[in-house]
*Asks:* 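The structure is given below, and queries will be raised subsequently.
Residue numbering restarts at 1 for every chain, and letters A, B, ... go by the order of the sequence lines. Heavy-atom basis, side chains included; hydrogens, waters and symmetry copies ignored.
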There are 2 protein chains.
Amino acid sequence: MQQAVQYQSGASTSGAAPETRYETILSASESVFAHSGYRGATMREIAERAGVAQGLIHYHFKTKEDLFEAMVARRSGHINDQRAHSLTLLFEEHENPTLESIVEALFRPTIVAGISQAGDGGAFARILVSTANSAGEWEQTLTEKYYDPIAHKYIAALVRIEPRLSRDNAVWAYMFAIGVGMTMMAKTGRAGRLSEGLCDDGDADIMLSKIVPFICAGIRALTD
Amino acid sequence: MQQAVQYQSGASTSGAAPETRYETILSASESVFAHSGYRGATMREIAERAGVAQGLIHYHFKTKEDLFEAMVARRSGHINDQRAHSLTLLFEEHENPTLESIVEALFRPTIVAGISQAGDGGAFARILVSTANSAGEWEQTLTEKYYDPIAHKYIAALVRIEPRLSRDNAVWAYMFAIGVGMTMMAKTGRAGRLSEGLCDDGDADIMLSKIVPFICAGIRALTD
DNA sequence: GTCTATAGTTCGATAGAC
DNA sequence: GTCTATCGAACTATAGAC
């Protein structure tokens, strides 16, 4: 009897689809890592959240570091596949896609995935923030492995459709765009607090209608 | 009579002035918290870095949480005083200050302070990123206490000089601006890696020349 | 104020039954 | 594959000498 390896992603806690214990642990770790950070999260809490014995996590993932990386790999793989696919489509369908369409292709998958996470919107985005913004060697290796490839694709797309954007400014533009997206997706509650409830981050289209024009105007300001 | 001069020349921020043990511990905690995060940092490591016994930290600061808050309070107080002062000056000297001058007043103190940190540029910025981007109750309380007041001042300044900017868009604009600044100040090495060394984040004026036009154009794109 | 020593807790990981 | 039980290490915080 083998495992039926069906990489059904999505994997939110609102379970219609049946999950293997392996996948249940991954989903549980996502919530706990997001809430407490890598170091603050404990294997005990993850096991409790997943409804399994603590020893089972070590059977499947060996160590805490490996569990974290497996969780990042599953989620980032799904989102970055969508991004790469959207980007390819854009250049197949148009000679010169608009900057707006490219920026939207960058953010829509993450925002939609974040919002569709039942109960814990922004969980994975918060993990990304703390990982990508760490200067630690391990964290930067993870970022390089799972996020630099798609970053290079977008930077190349930017210089292609905006010829007056120098390569270093394109890199800055990408970094800035990611930074803007982080504040939008992390859902810390600060925007709502500062605006006394005026700012709502629960609707993907509203969010994109703020973030896309902001970033596109910023990028164009960096062209020579 | 002064106290004995035998202070350990630990890794303090600016090398010359002698510090009390209290201040030495605060500076050491800044480095360690920045490198390992709040939970990853240990009192033993902070004590070692500061060149004092571990027990002394508890004598001065009682708990790890209190030490962290004292560290945030010292550093944020200094930077935010500069920001508030610059903002007041701008409105005293001009009827309508430019958007550029306001955005620069927001970022210059942090960037300059980050660069002038001997050896560990971006240390405090990285602490801010992980604190402000956490959804935890304690972290958001700290953000509210030490950073929301200056945020409200800047949001008010934005709506004052850009009357066509709605209040909720001003809040989004401020959040986005902070997000952009984070990627600039955290100094993770990613920009250099993605650009194969082209992007240099060591010069305050170069950094401001990228970040200020980007953010100002983004904000103007959110006006009606 | 500053130190040494340690109490009391919690963690990641392993061993072994089923 | 999954569970229970537990080991050894590392942590925060305290007690008490000086």
*Asks:* Using whole Å, report how far CZ of A/Arg39 lies from C1' of C/dT10.
*Replies:*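 Answer to the nearest Å: 16 Å.
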
*Asks:* Counting just side-chain N and O atoms, does A/Arg21 come under 4.0 Å of either OP1 or OP2 of D/dC3?
*Replies:*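 A/Arg21 to D/dC3 OP1/OP2: side-chain N or O found under 4.0 Å.
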
*Asks:* Return the value, rounded to whole Å, for the distance between atom CD1 of A/Ile57 and atom P of D/dT4.
*Replies:*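 So the two atoms are 13 Å apart, to the nearest Å.
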
*Asks:* Nearest-Å distance, CD (B/Glu23) to C1' (C/dG1)?
*Replies:*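 The distance from CD of B/Glu23 to C1' of C/dG1 comes to 15 Å, rounded to the nearest Å.
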
*Asks:* Around A/His35, counting heavy atoms of other residues, nucleotides and ligands shown, do more than 12 lie under 6.0 Å from its NE2?
*Replies:*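 Count not over threshold, so no.
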
*Asks:* Between A/His58 and C/dT14, is there a contact of a side-chain N or O with OP1 or OP2 at under 4.0 Å?
*Replies:*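 Checking C/dT14 against A/His58, no side-chain N or O comes under 4.0 Å of OP1 or OP2.
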
*Asks:* What is the distance from OH of B/Tyr59 to P of C/dC3, rounded to the nearest Å?
*Replies:*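 These atoms are roughly 12 Å apart.
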
*Asks:* Expressed as a whole number of angstroms, how long is the span from A/Phe68:CZ to C/dG12:C1'?
*Replies:*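 Going from CZ in A/Phe68 over to C1' in C/dG12 covers 17 Å.
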
*Asks:* Whole angstroms only, please: what is the CD-P distance between A/Gln54 and C/dT10?
*Replies:*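 In whole Å, C/dT10 P and A/Gln54 CD are 14 Å from each other.
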
*Asks:* Look at B/His60 and C/dT2 and indicate whether a side-chain polar atom (N or O) is within less than 4.0 Å of OP1 or OP2.
*Replies:*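 Indeed, a polar side-chain atom of B/His60 lies that close.
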
*Asks:* Go through D/dT14, C/dC3, C/dA13 for me and flag the one nearest to the B/Leu56 side chain.
*Replies:*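 Output: C/dC3.
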
*Asks:* Between B/Lys64 and B/Phe33, is NZ or CZ placed under 6.0 angstrom from the six-membered ring centre and within 45° of the ring axis?
*Replies:*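 Judged by the rule, B/Lys64 and B/Phe33 form no cation-pi pair.
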
*Asks:* What's the CZ-C1' distance between B/Phe61 and D/dT14, to the nearest Å?
*Replies:*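 My rounded result for the distance is 18 Å.
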
*Asks:* Is the shortest distance from a Lys or Arg side-chain nitrogen in A/Glu144 or B/Arg190 to a carboxylate oxygen in the other one below 4.0 Å?
*Replies:*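 Judged by the 4.0 Å cut-off on N to carboxylate O distance, A/Glu144 and B/Arg190 do not form a salt bridge.
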
*Asks:* Tell me what B/Ala47 touches on the nucleic acid: a base, only sugar-phosphate, or nothing, going by heavy atoms under 4.0 Å.
*Replies:*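 If one applies the 4.0 Å heavy-atom cut-off, B/Ala47 turns out to touch nothing in the nucleic acid.
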
*Asks:* Do the side-chain N and O atoms of B/Glu69 and B/Tyr146 include a donor-acceptor pair separated by under 3.5 angstrom?
*Replies:*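 Their side chains do contain a donor-acceptor pair, which is all the 3.5 Å distance test asks for.
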
*Asks:* A/Ile46 has an atom CD1; how far is it from atom P of C/dA13, in whole Å?
*Replies:*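 One finds 11 Å between P of C/dA13 and CD1 of A/Ile46, rounded.
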
*Asks:* Taking the side chain of A/Met43 as heavy atoms from C-beta outward, which of C/dG12, D/dT14, D/dG1 is closest to it?
*Replies:*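 Within the option list, the nearest is C/dG12.
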
*Asks:* Would B/Ser27 and B/Arg74 count as having a side-chain donor-acceptor pair, cut-off 3.5 Å?
*Replies:*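 Yes - a donor-acceptor pair under 3.5 Å links their side chains.
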
